[in-house]
Amino acid sequence: MPDASLRMTPTRKPGRHFFANPGPTNIPDSVLRAMDRNSMDFVESDFLEIYDQARAGLKRLLFTEHELFFYASSGHGGWEATMVNLFSAGDKVLMIGGGYFPNTWAALSRAYGIDVETLEVDWHEGVKIADLQARLEADKAHEIKAVCVVHNETSTSVALPLREIRAALDAARHPALYLCDTISSLGCFEFKMDEWGIDVVVGGSQKGLMLPTGMAFSAAGPKALAAHAKATLPRFYFDWTAMLSRRFRSFTGSVPIVPFFGLVESLRLLEQEGFETVWARHHRLAQAVRAAGHVWGGGNQGPTLYCRDPSRYSDSVTTFEVPEGHDAERLRKVLLERYNVSTGGGLGALSNRVFRIGHMGDLNEAMILGTLATVEIALGEVGMPHTKGGVMAAMESLAK
Ligand code: PLP
C-alpha cells in the first residue's frame, strides 16, 4: 500500500478552482504545456536560443535596452540580489512607504547594514510627490544614494505615478538612483523603464507574467552598473559582475531551464494580444471590480476600496477594507471552502482587516464576474453589511 501521507492530489472540488489571488496568478494552459519539459543540457544551442528569446522578449515588455539579470528565486530574492549589488554597508536609501512591501524591502536592506529612511505616507493614498521632492531637496549633501519605490503596492492596491516620481528627482536635481519594484504591475499596466528614467527594476514571474513563482529578475541601467562597480556588500551567487562575464548572464552552475520555456510562451501570448491591449483589458476588468466595490460599500456600511485616490487605483488588484468588527478572513474562508474561490488576505498590519481581489494575468470578464458574484453571495453568508447589486454594477461597467 502506498503511504497515504505521500498523496499528491488535493481533495478535488467540482468545477474550476477560481483563483482571484493578487499573485501568483492563473497560468495559461499553453504556458503549462510549454514547461512540460524533460531535462536538456543548458549549454545546448536549443536552450541558448530559448534563453535569448526570453531575454529579448522581457526587455521589450520592460521597454528597456539595459542589462537584465535573472534569478532562481522569488521576488524577495530579486530585491536581495539588487540591494547587495548596488550598495555598501552604511549607504543611505530612501524607501517610499505605503504598505507591506516597502516595509519588507526596508527590513531586508537593513539586514545588510543599509541605512534605510522610510518616507512615511498615508497607506490609503501613497506618497505625496511634493513631500518626496521636499525630502530630496533637503538632502543637500546627497546622502541618499537611492529612492526605492513599489510601483503597485499589492497590499493596499495603490499604484504610484512613476513619471511624477522621476520628475520630483529631476526637479530636486538629486542624483539618487531610482529603484522600482514592478513585481505586481509588469504585464498588467503601463511600465516603461527607459522612457521613465528608472535605473533599476525588480520583477517576478508569478503575476502579470503568468508563470509559477520562482523566477525573479532585475534590469539595470548604466548609472546602476556604475554604482555596482563601487558597491561592497558581500555577494556571490547573485553577483552581477560574475553574471556579466557569462554567456548566460545569470546563474552560477546549473541553469533552471523550465521557467525559460514558460517565459517565452507567456511573452508570446502577451505580444500576440499586444501590450496596450493587455493593459486595456486589465483596466476594464479592474473598473468592473471597483464598480462592484462602490456599490457594496455604498454609504460606508460595507467593504470599501482601501485606495482612496481614484487616480491611483491599481489595475491589477483591489483591496477591500471590511467594516469595523468584521473579519475578512472569515469571508475568505467561506469563499475558499464553500465556493472554491481563492482571494488574497491582508498582509502584515492589514491582516483580518482587508481582503483582496487579484485581477491580473490570464483573466477575462466571465472569470471576474464569477468571482464578484461569489463574493457577493459570501458577504451575505457571513453577515457582512453591504449593499446588494455590486455584480450588476460590474456587468454594466463591462458592457460599456
Ligand atoms: N513586491 C510586490 C509588490 C509584491 O506584490 C510581492 C509579492 O506579492 C513581492 C514584492 C514579493 O515577491 P515574492 O512573494 O515573489 O517574494
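Each ligand, and each atom within it, is numbered from 1 in the order the structure gives. For clarity, every value in this text was computed on a predicted model and none was experimentally measured.
Counting protein heavy atoms only, atom 3 (C) of ligand 1 is closest to Thr154 OG1, 3.2 Å. Of the protein's non-hydrogen atoms, the one nearest atom 12 (O) of ligand 1 is Gly75 CA, 3.5 Å. Considering only non-hydrogen protein atoms, atom 16 (O) of ligand 1 sits nearest to His76 ND1, 2.5 Å. Considering only non-hydrogen protein atoms, atom 8 (O) of ligand 1 sits nearest to Lys207 NZ, 2.5 Å. Counting protein heavy atoms only, atom 6 (C) of ligand 1 is closest to Phe101 CE2, 3.2 Å.
With respect to the salt-bridge test (charged N to carboxylate O, under 4.0 angstrom), the residues Asp170 and Arg163 do not qualify.
Proximity of Trp79 to ligand 1, defined as any heavy-atom pair under 4.0 Å, is confined to the side chain (atoms from C-beta onward).
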Practice task
Using the salt bridge (Lys or Arg N to Asp or Glu O under 4.0 Å) rule, take Glu65 and Lys59 through it: C-alpha gap first, then chi angles, then the decisive distance, then the call.
Solution key: CA-CA 7 Å; Glu65 301 291 329; Lys59 284 171 75 162; 5.7 Å; no
Practice task
Kindly indicate, with the supporting measurements, whether the criterion side-chain contact (heavy atoms from CB on, under 4.5 Å) is fulfilled by Leu86 and Thr82.
Solution key: CA-CA 6 Å; Leu86 289 173; Thr82 301; 3.8 Å; yes
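The side-chain hydrogen bond (donor to acceptor under 3.5 Å, both in side chains) test with Thr318 singles out one residue from Arg290, Arg356, His359, and that residue is His359.
The distance from the CG atom of Leu379 to the CD1 atom of Ile377 is 10.0 Å, given to the nearest 0.5 Å.
Residue Asn152 approaches ligand 1 through these ligand atoms, each under 4.0 Å from one of its heavy atoms: 3 (C). Of all atoms in ligand 1, listed by their number and element, those nearer than 4.0 Å to a heavy atom of Gln206 are 13 (P), 14 (O), 15 (O). Close approach to Val150 involves these atoms of ligand 1, each under 4.0 Å from a residue heavy atom: 3 (C). Here is the list of ligand 1 atoms found below 4.0 Å of a heavy atom in Asp181: 1 (N), 2 (C), 3 (C), 10 (C).
The closest approach between any non-hydrogen atom of Gly23 and ligand 1 is not below 4.0 Å.
For a threshold of 3.5 Å applied to N or O pairs, the pair formed by Ser74 and ligand 1 contains at least one separation below that value.
One side chain, Ser88 or Thr232, offers a donor N or O that lies under 3.5 Å from an acceptor on the other.
Using the six-membered ring where Trp is involved, Trp240 and His228 have ring planes that are tilted, between 30° and 60° apart.
Sparse packing is recorded around CG of Asp36, with 12 or fewer heavy atoms of other residues, nucleotides or ligands lying under 6.0 Å away.
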